[in-house]
> 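Right, I'll just put the structure down here and ask away after.
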Amino acid sequence: MTSRYVAVVGPAEATGREREDARRVGELLARRGAVVVCGGLGGVMGAASEGARAQGGTTVGLLPGRDRRAGDPSLTVAIATGLGELRNGLVVAAADAVVAVGGSWGTLSEVALALRTGKPVVVVGGWDVRGPGPGETFLRAASAEEAVDAVEAALAESSPGGG
């Protein structure tokens, strides 16, 4: 998965289980060479960044406010967008795929934007959304390992030449 950017999205007010799953997703993505992209704050975003950094990975946070210092301390790169919740579109646009851990309204918007733009989406817990057309849905994973495997498989299928 080298040189792939994968967004890890989820609630800032995450449960312990969601944070644990997000940290593991971040670790696994970093081990496979992916750059972790997130909204830059705490909860799922911070846990995914922390997991990726613990494995020597790169994390990019696209913050809603204008102050880079507001970003999670485990971010490699913090970008203050000043866009508020609209930065969710940037998070999705910057990524090749999305892993959603848990659910919140912001998470739902990111899942919807990713599906709308044809990016692979894998969900661990959280929302259950079906689009109006065939293929407009996401993959559901029971664990962080299953989620990262599914993202890797989806990205391999979408790459020119299958990898």
> Spell out, as yes or no, whether a donor-acceptor pair under 3.5 Å connects the side chain of Asn88 to the backbone of Ser109.
no
> Please determine whether residues Val148 and Val44 belong to a single hydrophobic cluster, defined as Ile, Leu, Val, Met, Phe, Trp and Tyr linked transitively by side-chain heavy-atom distances below 4.5 Å.
yes
> Is there a chain of hydrophobic side chains (I, L, V, M, F, W, Y, each step under 4.5 Å between heavy atoms) that links Val99 to Val36?
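Yes, Val99 connects to Val36 through the hydrophobic network.
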> On a heavy-atom basis, which atom in Ala100 and which in Val111 lie closest, and how many Å separate them?
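Looks like CB-CG2, 3.9 Å.
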> Please name the pair of heavy atoms, one in Gln55 and one in Ala30, separated by the smallest distance, quoted to 0.1 Å.
CB-CB, 3.8 Å
> Indicate if Val91 and Leu108 have the same hydrophobic cluster label, given that clusters are the connected sets of ILVMFWY residues with side-chain heavy-atom separations under 4.5 angstrom.
yes
> Walk me through whether Val92 and Leu90 qualify under side chain to side chain contact (heavy atoms under 4.5 Å, CB included).
CA-CA 5 Å; Val92 171; Leu90 294 177; over 6 Å; no
> Give a yes or no answer on whether the side chain of Lys119 reaches the backbone of Ala93 with a donor-acceptor pair at less than 3.5 Å.
yes
> Please assess Val98 against Val6 for the test side chain to side chain contact (heavy atoms under 4.5 Å, CB included), listing each intermediate value before the final yes or no.
CA-CA 6 Å; Val98 174; Val6 179; over 6 Å; no
> Just by distance, do the side chain of Thr76 and the backbone of Thr58 share a donor-acceptor pair under 3.5 Å?
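Not a single qualifying donor-acceptor pair exists.
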> Does any N or O in the side chain of Arg87 come within less than 3.5 Å of the main-chain N or O of Leu62, such that one atom is a donor and the other an acceptor?
yes
> Could you tell me whether a side-chain N or O of Thr59 sits under 3.5 Å from a main-chain N or O of Ser74, the two making a donor and an acceptor?
yes
> Considering all heavy atoms of both residues, which atom of Gly57 and which atom of Arg53 are nearest to each other, and what is their separation?
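So the two residues come closest at O-CD, 3.4 Å.
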> Show the nearest heavy-atom pair for residues Glu18 and Pro11, with the distance to one decimal.
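Taking Glu18 first and Pro11 second, the nearest heavy atoms are OE1-CG, 3.6 Å.
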> Should Arg23 and Glu20 be marked as a salt bridge (Lys or Arg N to Asp or Glu O under 4.0 Å) after you check the CA-CA gap, both sets of side-chain angles, and the distance that decides it?
CA-CA 5 Å; Arg23 180 179 169 80; Glu20 182 181 314; over 6 Å; no
> If the threshold is 4.0 Å, N to carboxylate O, is there a salt bridge linking Arg24 and Glu27?
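The answer is yes: the pair qualifies as a salt bridge.
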> If you round to the nearest 0.5 Å, how far is CG of Leu29 from CZ of Arg32?
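Answer for the CZ-CG pair, Arg32 versus Leu29, is 8.0 Å.
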> Please give me the minimum heavy-atom distance between Val37 and Ala94, naming the atom from each residue.
CG1-CB, 4.3 Å
> Could you tell me whether the side chain of Glu146 and the main chain of Ser143 form a donor-acceptor pair under 3.5 Å?
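The answer is no, because no donor-acceptor pair under 3.5 Å joins these two groups.
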> Indicate yes or no for a side-chain donor-acceptor contact from Arg4 to the backbone of Asp96 under 3.5 Å, with no hydrogens or angles considered.
no
> Set out, in order, the CA-CA distance, both residues' side-chain angles and the distance that settles side chain to side chain contact (heavy atoms under 4.5 Å, CB included) for Asp72 and Leu75, then state yes or no.
CA-CA 6 Å; Asp72 189 85; Leu75 292 171; 4.3 Å; yes
> Could you pull out the closest heavy-atom pair between Ala150 and Val122, with the gap in Å?
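Taking every non-hydrogen atom into account, CB-CG2, 3.8 Å.
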> Say whether Leu63 and Leu86 are linked into one hydrophobic cluster, either directly or through other cluster members, by side-chain heavy-atom distances under 4.5 angstrom.
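No, Leu63 does not connect to Leu86 through the hydrophobic network.
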> Is there a chain of hydrophobic side chains (I, L, V, M, F, W, Y, each step under 4.5 Å between heavy atoms) that links Val77 to Leu41?
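Val77 does not cluster with Leu41.
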